[in-house]
Amino acid sequence: MIKQAIIPLAGLGTRLLPLTSVLAKELLPINGKPGIEYILDECIDAGIKEIIFIISKKKEIIKKYFYNDSFYKKIIKKKNDPRIKKEYQKILKYKKMIKFVYQNRPLGTGDAVLKTKNLIKDNHFLMLLPDDLIIKNNCSKSMIKIHQKFKSSVMASMTVEKKTVSRWGIFKFKNRINKQNSLIEDVVEKPLVKNAPSNKAVIGRYILPKKIFNLLLNQKPGKGGEIHITDAIQKLIKDKEKFIAHNFSGKYLDCGTMHGYINSTLEIARS
Ligand code: G1P
């Protein structure tokens, strides 16, 4: 079973400036609820028991959101409001599951993953990228089922417009397992249109094997000088690790850009 999830949260959020000059993007409300809570609810519903947040000193406001006990206690004492009590109970439930590690320099997703090395207990763990919301179907839950059935690593995937391939990790598949799942042959981080092996993109849900840490320890920076998780995954694939691309059935919402962020509120309000 997959019991642990990790969430990289140390990103600067420059695409959402000026909002992110004072607030962590993951705390920005989407239809009245911080984006990170959608991600936490997806984890809990998928049976995850422990969630590791990778934050930075600059993003300690995220820790504060879950550790504001004295504030809640005072307010609840003053105003006996059942809504506030309920919200506090929810925060306490999340808090019990969360551990924090720090990535103070934004050196890439692979580097963020490496910070959790000493906390991962089982052979596989889940990673969720908080900019990517998937609604209407629990993508992590479906991926955990695939992982159990095929004893493999898994990544969420989606077909994208060819002209946008340089925004994503792009993969080529070896063979189709069934309608929604394929075995990956190659994956490359943000290729140019002319070099892209397909228009199938990796979306921010991954079930990764613990052995990825050993690769990350020695990995040289890739595109843009960052340590990419995609490069470590490609190495694992070449070392015969089975990676399945799961074409999820929920609706994808990109909350990492201003346009996508605004749209996600509209979509969730409508759903
Ligand atoms: C990251 C990954 C990329 C993936 C994308 C999904 O990129 O590096 O492979 O396709 O998430 O959202 P980022 O969004 O951090 O640029």
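Ligands are counted one by one from 1 in listed order, and the atoms in each one are counted from 1 as well.
- Geometrically, K200 does not engage F171 in a cation-pi contact, judged by NZ or CZ lying under 6.0 Å from the ring centre and within 45° of the ring axis.
- At a 3.5 angstrom cut-off on N or O pairs, H228 does not count as close to ligand 1.
- Under the 6.0 Å distance and 45° angle rule, K25 does not count as a cation-pi partner of Y261.
- The distance from ligand 1 to the heavy atoms of L129 drops below 4.0 Å at these ligand atoms: 1 (C), 11 (O).
- The shortest heavy-atom distance from E189 to ligand 1 is under 4.0 Å.
- When ring centroids are compared, F125 and Y206 stay outside the 6.0 Å threshold.
- Summary of contacts: the protein heavy atom closest to atom 14 (O) of ligand 1 is R167 NH1, 3.2 Å.
- Between M127 and V113 the shortest side-chain heavy-atom distance falls below 4.5 Å.
- For S157, there are no side-chain hydrogen bond (donor to acceptor under 3.5 Å, both in side chains) partners at least two apart in sequence or on another chain.
- Taking any N or O of Y252, backbone or side chain, none lies under 3.5 Å from an N or O belonging to ligand 1.
- Interface of D132 with ligand 1, defined as ligand atoms under 4.0 Å from a residue heavy atom, comprises 6 (C), 12 (O).
- An N or O contact shorter than 3.5 Å links G169 to ligand 1 by distance.
- Checked options E60, E37, E26; the residue passing with Y65 is E37 (criterion: side chain to side chain donor-acceptor pair (under 3.5 Å)).
- For atom 16 (O) of ligand 1, the nearest non-hydrogen atom of the protein is K190 NZ, 2.8 Å.
- When only interatomic distances are considered, the shortest N/O to N/O separation between V202 and ligand 1 falls below 3.5 Å.
- Heavy atoms of T230 approach ligand 1 to within less than 4.0 angstrom.
- Taking 4.0 Å as the cut-off between side-chain N and carboxylate O, K3 and D122 do not count as a salt-bridged pair.
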